[in-house]
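One structure is given below, encoded as structure tokens.
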Amino acid sequence: MDIQEFREKLEKKLEQDNRAFVFDEEKSSLRVEHTGLNKGLDLDLNKLLAKNEKNHEKALEEAAMFINSSLEAMERNIVLGGKEKNIFPVLRSTSFPTETKDGKTLLFSEHTAETRIYYALDLGDAYTMLEKETAEKEGFTQEQIKELALFNVRQLSTSYKSDEVAGNTFYFINSNDGYDASRLLNEPFIEELSSNVEGDTAIAVPHQDVLIVADIRNDAGYDVLGQMAFRFFNNGRIPITALPFLYENGELEPIFILARKKPQK
């Protein structure tokens with residue numbers, strides 16, 4: 001299935017009276033607009049096809065489900081009162097917009113040189129990014145939203161799988177609830193994993209649906225982590241950063257893995 005056929009099938013699945021489609025041929029990007037709200041989402045069709053190279057029908061179903069649930073979430077009246085337990089932090093790259101298409105400021109906090117923390121209201125099958133105006137209208141300060149979100153992320157499951165490669169251990173958090181990368185903000189959990197590490201603690205958040213914590217015991221471990229983070233970054237539905245971090249004393253320091261060695265400070 002080529003890009004054009006994939007695009008036509010996807011538009012057919014998503015077609016409704018309140019939707020419009022804009023295709024950027026140069027970028028192979030499809031924007032799906034909700035005409036009533038003047039909001040929408042952009043899809044990189046090349047990435048979608050590459051992610052499910054052997055099953056394009058699956059890519060179609062996943063893309064349609066994601067778009068439908070996201071646009072339906074936008075239609076709902078956002079009420080925070082009584083839904084405090086549904087407020088969560090979400091990590092995004094620093095290139096992610098800080099305003100909506102219609103100029104409203106999103107709630108966010110600075111995090112690292114590569115990542116930024118946004119705040120979202122979970123709606124069950126999707127979540128919506130919180131705007132500063134919405135929070136203020138309901139009497140919440142940004143600090144209150146941040147505290148609620150960080151408390152709630154600590155209540156999420158912290159189950160993980162591990163794998164050993166070239167004498168290094170890698171822990172993968174991949175629950176697919178939309179907040180896997182957000183678990184990096186669960187400080188007690190990260191501290192607990194780090195306390196069991198024999199070498200250096202390294203962390204990667206290549207995309208929204210995975211958090212990698214690594215016990216790096218030799219130079220090869222940095223290579224493996226770098227390659228792993230890059231691969232996950234390219235295949236993720238919502239990429240964050242391909243750059244891993246060294247974790248020391250609660251601080252995250254970016255690691256530039258260029259020469260098969262741990263970088264010197």
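The first residue of the sequence shown is numbered 1, and numbering continues consecutively from there.
The side chain to side chain contact (heavy atoms under 4.5 Å, CB included) with R7 is formed by just one residue from the set E5, K9, Q4; it is Q4.
Shown here are the salt bridge (Lys or Arg N to Asp or Glu O under 4.0 Å) partners of E15, two or more places apart in sequence or in another chain: there are none.
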Checklist entry - Does the pair E191 and Y247 meet the rule for a side-chain hydrogen bond (donor to acceptor under 3.5 Å, both in side chains), with working shown? => result CA-CA 10 Å; E191 279 294 330; Y247 179 81; 2.6 Å; yes
Item to check | Verdict with reasoning, L43 to I67, per side chain to side chain contact (heavy atoms under 4.5 Å, CB included) | outcome: CA-CA 9 Å; L43 292 173; I67 291 291; 3.8 Å; yes
Next on the checklist: With side-chain hydrogen bond (donor to acceptor under 3.5 Å, both in side chains) as the criterion, how do N218 and N168 come out once you've worked through the C-alpha distance, each side chain's angles and the decisive distance to 0.1 Å?
Outcome noted: CA-CA 7 Å; N218 54 52; N168 305 274; 2.9 Å; yes
Item to check | side-chain hydrogen bond (donor to acceptor under 3.5 Å, both in side chains) assessment of D180 paired with S175 | outcome: CA-CA 6 Å; D180 287 308; S175 59; 2.7 Å; yes
Next on the checklist: What verdict does the side chain to side chain contact (heavy atoms under 4.5 Å, CB included) test give for K132 and L106, after you've listed the backbone C-alpha separation in whole Å, the side-chain angles of each residue and the deciding distance to 0.1 Å?
Outcome noted: CA-CA 6 Å; K132 186 176 181 181; L106 293 170; over 6 Å; no
Checklist entry - How far apart are the C-alpha atoms of Y179 and Y127, what are their side-chain angles, what is the distance that settles it, and do they pass the ring-ring contact (aromatic ring centres under 6.0 Å, His included) test? => result CA-CA 10 Å; Y179 306 108; Y127 57 68; 5.4 Å; yes
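Under the 6.0 Å cut-off for aromatic ring centres, Y160 and Y171 qualify, their centroids lying closer than that.
Rounded to the nearest 0.5 angstrom, D42 CG and L45 CG are separated by 10.5 Å. Between the CZ atom of F230 and the CG atom of L243 there is a distance of 12.0 Å, given to the nearest 0.5 Å. One finds the CD1 atom of I203 at 4.5 Å from the CD1 atom of I190 (value rounded to the nearest 0.5 Å). Here the CD-CZ distance, from E11 to F21, works out to 5.0 Å after rounding to the nearest 0.5 Å. Separating the CZ atom in F108 from the CD atom in E131 is a distance of 13.5 Å, to the nearest 0.5 Å. K85 NZ to N152 CG: the interatomic distance, rounded to the nearest 0.5 Å, is 8.5 Å.
Proximity of L80 to L121: side-chain heavy atoms (C-beta onward) are separated by under 4.5 Å at one or more points. Put simply, the side chain of L184 reaches to within 4.5 Å of the side chain of L252, judged on heavy atoms. Using a 4.5 Å heavy-atom threshold, the side chains of T35 and R19 count as separate.
Residues G178 and V90 approach most closely at O-CG1, 4.5 Å, considering heavy atoms.
Among residues at least two apart or in separate chains, side-chain hydrogen bond (donor to acceptor under 3.5 Å, both in side chains) pairs with a member in residues 107-117 are S109-Y119, H111-T115, T112-T115, R116-Y118.
No more than 12 heavy atoms of other residues, nucleotides or ligands lie within 6.0 Å of CD in E251, so this atom counts as exposed by the packing criterion.
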